[in-house]
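Beneath this line is the structure, given in structure tokens, with notes to follow.
Basis for what follows: all heavy atoms, side chains included, without hydrogens, waters or symmetry-related copies. Chain letters run A, B, ... following the sequence lines, proteins first and then strands; every chain starts at 1.
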Amino acid sequence: MKYWLMKSEPNVFGIDDLKKVKKEPWDGVRNYQARNFMRDEMKKGDMVLFYHSNCDVPGIVGTAEVSKESFPDFTSWDKKSKYYDPKSSEENPRWFMVEVKYKKKFKKTVSLQDMKEMKPLKDMKILQKGNRLSITPVSKKEFDYIVKVSEK
DNA sequence: GCCAACGTTGGC
DNA sequence: GCCAACGTTGGC
């Protein structure tokens, strides 16, 4: 089983939205590296740290689980979608996504600021300078540590 | 709203 | 295939 961190903007789609709808296709990713993770490496049952970006307190707010493996991102050939990409089509899709399922909302957000001070997390991609990737792998150790911290 | 750090695009 | 210009991300 693998572990991941997925970023989302709470004013677009946050942990509360996921809680409400239970399951959600992770559409709109238009970055090849992130796409490759979803297409090739994310498997059903993998665990996800749900990260809020572009908000008052950026940080990890809960967990989710991969509930459906790689399938084409249909918003990419929907002309009405803001994620429309003319180079992608139903016959030859360029973008892929997974579906994630709500697991848990943390009682307390593990903020980016706090994470920066936690030694066991020092190698996390999200904490490296200049990293903008919306999906990054995390280790089991990091995952467990963050869950533990959120329960304190 | 600023801006650093990236990723992508397209002319050559 | 290089690289300048442009667009986006996301913390602050």
Starting at atom [atom1] of [X], determine the distance to atom [atom2] of [N], rounded to an integer number of angstrom.
X	N	atom1	atom2	answer
A:Asp85	B:dT9	CG	C1'	13 Å
A:Leu127	C:dG10	CG	P	14 Å
A:Asn54	B:dC2	CG	P	16 Å
A:Gln33	B:dG7	CD	C1'	10 Å
A:Gln113	C:dG10	CD	P	18 Å
A:Gln128	B:dA4	CD	P	20 Å
A:Tyr51	C:dG10	OH	C1'	8 Å
A:Arg132	C:dG11	CZ	P	12 Å

Less than 4.0 angstrom between a side-chain N/O of A:Lys7 and OP1 or OP2 of C:dG10, yes or no?
yes
Are any of A:Lys129's side-chain N or O atoms less than 4.0 Å away from OP1 or OP2 of B:dA4?
no
Looking at the side chain of [X], which of [options] is the nearest nucleotide?
X	options	result
A:Asn31	B:dG7, B:dA5, C:dG11	B:dG7
A:Lys87	C:dG10, B:dG7, B:dT9	B:dT9
A:Tyr32	B:dT8, B:dA5, C:dG11	B:dT8
A:Lys116	C:dC12, C:dG10, B:dG7	C:dC12
A:Pro58	C:dG11, C:dT9, B:dT8	C:dG11

Nearest 0.5 Å please: distance from the CE atom of A:Met6 over to the CZ atom of A:Phe37.
11.0 Å
Whether A:Asp46 side chain and A:Lys2 backbone form a donor-acceptor pair below 3.5 Å:
yes
Whether A:Trp26 and A:Phe50 hold their rings parallel, tilted or perpendicular, with breakpoints at 30° and 60°:
perpendicular
Measure from NZ or CZ of A:Lys68 to the centre of the six-membered ring of A:Phe71, then state whether that distance is under 6.0 Å and the direction lies within 45° of the axis.
yes
What's the verdict on side chain to side chain donor-acceptor pair (under 3.5 Å) for A:Ser134 and A:Arg30, showing C-alpha distance, side-chain angles and the deciding distance?
CA-CA 10 Å; A:Ser134 62; A:Arg30 296 293 177 266; over 6 Å; no
